[in-house]
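Encoded as structure tokens, the structure appears first; notes follow it.
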Amino acid sequence: MLIGKSRDVRPSEITPRDAYLHRRGLLAGIGAVGLGALAGGADATAATLIAAKSALSTTEPMTLLKDVTSYNNYYEFGTDKGDPASNASTLKTAPWSVVIDGMVAKPATLTLEDMLKPVSLEERIYRMRCVEGWSMVIPWDGFPLADLLKRVEPLGSAKFVAFETVVRPAEMSGQRGVFQPLPWPYREGLRLDEAMHPLTIIATGLYGEPLPNQNGAPLRLVVPWKYGFKGIKSIVRISLVDKMPETSWQQQNKSEYGFYSNVNPAVDHPRWSQATERRIGEGGLSAKRRPTLPYNGYGEQVASLYAGMDLKANF
Ligand code: MTE
């Protein structure tokens with residue numbers, strides 16, 4: 001049984017009613033988030049976690065749950081936006097454990113339950129800007145990645161954090177085809193100071209429910225000032241390293257995808273402009289595009305991380 005620390009504000013209090021009504025299990029009562037599925041397998045016990053409201057959340061209208069869970073990128077399940085919702089239910093997300101290794105004083109293999117025991121979940125409503133030019137506003141439930149990294153005590157030599165998604169062709173249809181869009185495992189990375197930044201979270205849920213498989217169950221990274229592809233899903237390994245790790249998208253095409261991938265309207269993708277974006281749910285393809293903001297609107301909090309850096313060279 002996982003019991004989170006209850007806090008004063010329920011997700012329901014800050015969720016627009018139309019979106020909120022899509023949620024399961026919350027209408028009846030106290031705003032408890034059922035994490036039974038997350039707690040594991042046939043023995044799963046109903047768990048109660050209440051995600052606290054965060055001052056780091058945006059107050060912009062949220063993208064409808066049905067769009068968040070049906071318009072996805074998760075190439076392990078296919079490359080069309082609807083593929084993950086159709087195919088990802090085959091991934092067995094319990095039991096789940098994550099190896100945390102490399103340059104740390106206390107390497108660990110943590111079950112999801114061990115990982116969540118000491119954390120207080122927070123609701124973080126973040127903008128997500130995909131490198132393809134669309135965006136959403138998503139209410140994640142999660143906890144700062146920094147809290148997890150502190151537990152394993154990074155050594156002074158650690159400069160970067162490398163992440164890997166699970167590889168299971170038997171359960172991930174996109175890993176079985178003749179055409180492989182990316183090298184597996186899906187790999188991502190952050191500089192250590194980016195990983196320790198308070199905006200960087202490990203998400204375990206959205207809209208007050210455990211993460212749907214298509215969104216990266218049971219845990220994924222969310223770094224709101226970077227393009228969405230940095231938000232690696234279904235993580236099984238986190239390694240502290242001294243050299244900048246190569247990411248899957250860099251391996252696929254180095255000239256198009258850089259390590260930093262900070263949202264930047266002034267640095268175009270080689271094949272399209274990054275100046276504007278389409279907010280999913282705002283009137284379809286004919287809707288007016290909105291201007292993309294530097295660092296996806298989080299510049300006040302993160303621009304100092306990149307002081308003096310050439311952002312065109314370090315794209
Ligand atoms: N993680 C893995 N393992 N595989 C992927 O294909 N796609 C990325 C990212 N994380 C991807 C991934 C991309 S391109 C985006 S935009 C976001 O997940 C999309 O997250 P969402 O489907 O939850 O909106």
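In each ligand, atom 1 is the first atom listed, and ligand 1 is the first ligand listed. Because only heavy atoms are used, hydrogens play no part in the values below, and waters and symmetry mates are left out as well, while side chains stay in.
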Mutual orientation of the aromatic rings belonging to F77 and Y74 [parallel < 30°, tilted 30-60°, perpendicular > 60°]
perpendicular
Please give me the minimum heavy-atom distance between Q251 and R187, naming the atom from each residue.
NE2-NE, 4.4 Å
Identify the two heavy atoms, one from A51 and one from E122, that lie closest to each other, and give their separation to 0.1 Å.
CB-C, 3.8 Å
Tell me whether the guanidinium CZ or amine NZ of R129 lies under 6.0 angstrom from the six-membered ring centre of Y295 and within 45° of its axis.
no
Lys NZ or Arg CZ of K230 over F259 ring: under 6.0 Å, within 45°:
yes
Polar contact flag, side-chain donor to acceptor under 3.5 angstrom, N253-S255:
yes
With hydrogens left out, which residues have an atom under 4.0 Å from ligand 1, given that only heavy atoms count?
N72, N73, Y74, Y75, E76, M128, C130, T165, Y186, N215, R220, G228, F229, G231, I232, K233
